[in-house]
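When reading the values below, keep in mind they use all heavy atoms of this one structure, side chains included, and skip hydrogens, waters and symmetry mates.
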Amino acid sequence: MLEFLIKRPLILSAIGCILASVFGFYSKSALLCYLVVITIWLFYFIFKLKNFNLSASGFICIICSVSVLLTINRIDEISKFKNTTENCTFIVNEITYSGDNFYYADCEIIDRKDALNHSNISVLLSETKAKSGDILKGDLTFSEIKETYIKDSYSNKIYLSAKAQNVTETDNYDFILSGAEKLRNYIGKTLFSNVDYNESSTLCALLFGDRNYFTDSFYSAVKISGTSHIMVVSGFHLSIIIMMFTFIINKIVYNRFLKAFFIILAVLIMTTICGFTMSILRAGITYMIMAFAITIKRPHTPENTLGAALCIILIFSPFAIFSVALQLSTLSTFGILCVSIPIQLYLKNSKIINNRFLLSITGVISASLSALLLTLPVTIYVFEYISKVSVITNLLISTPVTFAVVLTVIALILNAVFPPLAKPVFFLCEGITSYINRVIITFGSNENFIAPIE
């Protein structure tokens, strides 16, 4: 294991960054002690062993530790505003919950000359119905994040909550967020116009994580069947779309700089549409690193690329490690890279299985099992239950989900260019998604298929 980590220093760096973030969250003193240890580590490997890889890992860990300290200091500065009321201008980044006469939104405060400037705040609004990208003005009464939600809020760089009063809408808006909102609305409207309701609601969840169209019974079936991670937009879904786009780009573009440009552009567009969730950012940064590797003609090690993406995220958002989406995305990807792929290579090279179809089947099975195995501790800790049928349901729908996502993207593009061509593709999407829904309902309709963890 140690030899594996030494050969993949960015995985070791990611582990070090995770430790810095966890120490910093629970104890500033523990973080300072950790920083001293890492500094000694750095000097030891530079001057004694002269190992560049391990020295670089220590340096990255120090950068992350300093970032954690700066974040802690910023939280202390922002916390001084709790129980105060300030007139603020703020951008609505995302609507996180909608009630009958109120809603919660993650917002960013702008145009301030104090610590609140560019702070993310969870805001309770009731006097207006804004959309993502709208810029509002109002009086914000600040309060502490409830202890139950601290980890989740900190993972999204939200360190205060607020209740808004005397809110007015401005004529200004954030171009990128507003554009993404309009594009999501266009996608949803197009899907519901061409595909049955139940299938459209599932496709909206797969494409950009919108589960608002789920019925209570179907959402319950999703949880019982162990497919909750599939029904939210994830790095896996982004990977499907970007891999499809990369395949096309490789066929029509030969200049490596143009290839990298188009890949990065596609990643930026998709992450904006899907929302800047941690799992999406992890996958997006991974593909940006791959695009950079193309420009310098340097092969990349998938495990190192994964570690580099995690390091970048934790340096800029140290407490992102408490994001369940990031944990599940990272662990499932690591499981596929370090368990599933080696198994497949062994089966192929040893010629135990010579048939390509059988190799494909074992690939799907090993990928699903390895991802489930590594994410199991997080699933048990967070959800406090185990789905007895999650393995079989994931095996049955993982490949169809890939086809559904790819075909839906193709259908949406065709619909924008020449709608008649999109009709048969939408029809095929509906059939595949109908199968996915039937599997979920079949295995998720019996509450005995779920095992609570005491």
Where is the tightest heavy-atom contact between A260 and T295, given as atom of each residue plus distance? CB-CG2, 3.3 Å
Going by side chain to side chain contact (heavy atoms under 4.5 Å, CB included), L331 matches just one of L326, T379, V378, L373. Which one? V378
Among side-chain atoms of S161 and S122, is any donor-acceptor pair under 3.5 angstrom? no
Measure the spacing between CG of N185 and NZ of K131 and express it to the nearest 0.5 Å. 9.0 Å
Salt bridge (Lys or Arg N to Asp or Glu O under 4.0 Å) between R112 and E86: does it pass, once the steps are laid out? CA-CA 10 Å; R112 298 275 301 190; E86 299 283 337; 3.1 Å; yes
Can you measure from CG (L203) to CD (E199) and round to the nearest 0.5 angstrom? 8.0 Å
Test applied, side chain to side chain contact (heavy atoms under 4.5 Å, CB included); reference residue, L136; option that passes from T170, T168, L125, V123: L125
Donor-acceptor under 3.5 Å (T375 side chain, S332 main chain): no
Determine yes or no for a side-chain-to-main-chain donor-acceptor pair under 3.5 angstrom, with T333 supplying the side chain and S329 the backbone. yes
Which heavy atom of L191 sits nearest a heavy atom of S200, and at what distance? O-OG, 3.0 Å
Check this for me: does any side-chain nitrogen of one of R184 and E181 sit under 4.0 Å from a carboxylate oxygen of the other? yes
Give a yes or no answer on whether the side chain of N446 reaches the backbone of N448 with a donor-acceptor pair at less than 3.5 Å. yes
Are D134 and L177 side-chain neighbours, meaning at least one heavy-atom pair lies under 4.5 Å? no
So I440 and T393, do their side chains get closer than 4.5 Å, heavy atoms only? no
For the residue pair F25 and F322, is the inter-centroid distance of their aromatic rings smaller than 6.0 Å? yes
Do T433 side-chain atoms and C429 backbone N/O form a donor-acceptor pair below 3.5 Å? yes
Under 30°, 30 to 60°, or over 60°: which ring-plane class applies to Y219 and F214, parallel, tilted or perpendicular? tilted
Centroid-to-centroid, Y159 to Y154, below 6.0 Å? yes
What closest approach, in Å, do A14 and G307 show between heavy atoms, and which atom pair accounts for it? CB-O, 3.8 Å
If you measure from CG on L160 to OG on S119, what distance do you get to the nearest 0.5 Å? 7.5 Å
Hey, what do you get for NZ (K163) to CD (Q165), rounding to the nearest 0.5 Å? 5.5 Å
Over 60° means perpendicular and under 30° means parallel, so classify the ring planes of F192 and Y197, tilted if in between. tilted
Give a yes or no on whether N87 atom CG has more than 12 heavy-atom contacts from other residues, nucleotides or ligands under 6.0 Å away. yes
When every non-hydrogen atom of A308 is compared with those of L10, the smallest separation belongs to CB-CD1, 3.6 Å
Shortest non-hydrogen separation from A404 to T408 and the atoms involved: O-OG1, 2.5 Å
Distance (rounded to the nearest 0.5 Å) between I436 CD1 and L206 CG: 6.0 Å
So CD1 of I321 and CG of L310: to nearest 0.5 Å the spacing works out to 5.5 Å
Would you find a donor on one side and an acceptor on the other, under 3.5 Å apart, between the side chain of S153 and the backbone of I150? no
